[in-house]
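Remarks on the structure that follows.
Position 1 is the first residue of the sequence, and the numbers go up from there. Small disclaimer: the values here were computed from a predicted structure and weren't measured.
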Amino acid sequence: MSYSVGQVSGFAGITVRTLHHYDKAGLLSPSDRSPAGYRLYSDADLSRLQQILFYRELGFPLDEIATILADPQANALDHLRARHRLLNDQISKLQRLVEVAEQAMEVQQTGVELSPEERFEVFGEVTFDLTYATQAHLKWQHRESYQRSMARAAEHSKEDWAKIMAEAADWRLRLTAAFDAGEPAEGERAMDLAEEHRQHIARWFTPCPTDVHGRIADGFVTDPRAFALTVPPTEQRPGLAPYLRTAVHANAVRRSPADDA
């Protein structure tokens with residue numbers, strides 16, 4: 001059977017212009033002509049087109065496809081192996097680009113406007129989980145308190161972040177010491193540490209009334225990613241997140257609403 005240019009274009013999912021280009025390049029020329037002089041493709045032509053499209057899908061340039069198809073004895077496997085190596089190299093490069101894009105997204109969504117090197121220097125192993133940051137952004141982006149917190153974070157310099165992290169590290173040492181010593185979560189020492197954490201948030205990010213602080217602490221128990229922003233995994237102990245949550249809620253009970261800052 002013979003097929004018109006329009007029919008082949010529909011079969012193959014490519015444009016008539018592409019078929020004309022293949023014809024002009026000598027890669028695929030119609031074998032037949034209609035009585036009116038229109039170009040017609042044979043079944044053999046369609047089989048060749050299928051091969052061309054296969055190699056094009058793998059990224060082969062047209063001149064290399066022509067070389068492969070021109071010699072029936074050509075070792076197509078060698079060409080495919082070379083293309084396989086090239087595709088793997090491209091995948092590696094694209095993966096690196098994905099990582100760079102994720103870092104850029106992370107910076108934008110957490111409000112921490114530092115370079116990756118500065119972030120590592122300042123934060124160490126306290127890292128922002130991108131999925132958590134993205135979900136938080138989508139969930140809270142229209143809330144004034146979230147917007148205010150992100151704006152404050154964006155204003156902090158590298159020196160500010162160094163101070164923030166130093167404060168947090170000192171607080172974590174005292175928190176884990178109280179926990180390891182068996183201090184009760186509803187005792188004065190634990191509640192004081194909870195209050196210090198609340199004041200830290202208010203001082204550096206956004207006003208943090210006790211009810212807001214309670215919701216933050218609830219997240220420590222329900223989402224490990226949230227707790228990892230406060231206590232890195234290497235410093236965590238089993239039961240530490242519920243311990244801090246209890247201390248936060250106990251601190252809220254002992255304070256009057258007028259005390260909130």
* Rounded to the nearest 0.5 Å, how far apart are NE2 of H213 and CD of Q199? -> 9.5 Å

* **Nearest-0.5 Å distance, CG of residue N251 to OG1 of residue T246** => 12.5 Å

* Asked: Parallel, tilted or perpendicular for H197 and H200, by the 30°/60° rule?
  -> parallel

* **Ring geometry between F11 and Y3 (parallel below 30°, tilted from 30 to 60°, perpendicular above 60°)** => perpendicular

* Asked: Got a donor-acceptor contact below 3.5 angstrom from the D160 side chain to the S157 backbone?
  -> yes

* Check the pair H249, D218 against side chain to side chain donor-acceptor pair (under 3.5 Å), reporting the backbone distance first and the verdict last. => CA-CA 9 Å; H249 283 284; D218 291 341; 2.9 Å; yes

* To do: Without swapping roles, check the side chain of T176 against the backbone of L173 for a donor-acceptor pair under 3.5 Å.
  => yes

* Set of side chain to side chain donor-acceptor pair (under 3.5 Å) partners for S31, sequence neighbours left out -> D45

* Would you confirm whether E235, through its side chain, and R172, through its main-chain N or O, come within 3.5 Å as a donor-acceptor pair? => no

* Does the side chain of P30 reach to within under 4.5 Å of the side chain of L40, using non-hydrogen atoms? -> no

* Just wondering, do V248 and I216 contact through their side chains at under 4.5 Å, heavy atoms? -> no

* Structure fact -> Interatomic distance, OH@Y22 vs CG@L27, rounded to 0.5 Å, equals 7.0 Å

* Verify the neighbour count for atom CD of Q50: are there more than 12 heavy atoms of other residues, nucleotides or ligands below 6.0 Å? => no

* Structure fact -> Smallest heavy-atom separation, A185 atom then A250 atom, equals O-CB, 4.5 Å

* Where do D23 and S29 come nearest, in terms of heavy atoms and distance? -> OD1-OG, 2.8 Å

* Determine which pairs satisfy salt bridge (Lys or Arg N to Asp or Glu O under 4.0 Å) with at least one residue from residues 3-14, sequence neighbours left out, and list them in order. => none

* Asked: With under 30° as parallel and over 60° as perpendicular, where do the rings of F220 and F227 fit, or are they tilted in between?
  -> tilted

* Would you find a donor on one side and an acceptor on the other, under 3.5 Å apart, between the side chain of W171 and the backbone of L193? -> yes

* Structure fact -> Between L19 and S9 the two heavy atoms that sit nearest each other are CD1-N, 3.8 Å

* Structure fact -> d(L46 CG, R48 CZ) to nearest 0.5 Å is 12.5 Å

* List for me each residue that meets side chain to side chain donor-acceptor pair (under 3.5 Å) alongside T15, sequence neighbours excluded, and say none if there are none. => T18

* Asked: Can you tell me if NE2 on H84 sees more than 12 non-hydrogen neighbours from other groups inside 6.0 Å?
  -> no

Ignoring hydrogens and angles, write down the donor-acceptor pairs under 3.5 Å from the side chains of residues 54-65, residues two or more places apart or on other chains.
{"residue": "R56", "atom": "NH1", "partner": "F60", "partner atom": "O", "Å": "2.9"}
{"residue": "E64", "atom": "OE2", "partner": "H79", "partner atom": "ND1", "Å": "3.0"}

* Distance (rounded to the nearest 0.5 Å) between Q7 CD and Y41 OH -> 12.0 Å

* Would you indicate whether the side-chain heavy atoms of V5 and Y38 approach each other to under 4.5 Å? => no

* Asked: Do you know which two heavy atoms are closest between A202 and C208, and how far apart they sit?
  -> CB-N, 4.1 Å

* To do: May I ask you to say whether D89 pairs ionically with R85, meaning some side-chain N is under 4.0 Å from a carboxylate O?
  => no

* Spacing of CD1 belonging to I68 relative to CD1 belonging to I52, to within rounding of 0.5 Å -> 11.0 Å

* Asked: Under the side chain to side chain donor-acceptor pair (under 3.5 Å) rule, what pairs show up with a residue in residues 179-191, not counting sequence neighbours?
  -> D180-R237, E183-R189, E188-R254

* With sequence neighbours left out, what residues match H21 under side chain to side chain donor-acceptor pair (under 3.5 Å)? -> none

* Search all heavy atoms of G219 against all heavy atoms of A226 and return the closest pair with its distance. => O-CB, 3.8 Å

* To do: State, with a plain yes or no, whether a side-chain heavy atom of E196 is found less than 4.5 Å away from one of R174.
  => yes

* Measure across P184 and A190 and return the closest heavy-atom pair with its distance rounded to 0.1 Å. => O-CB, 3.4 Å

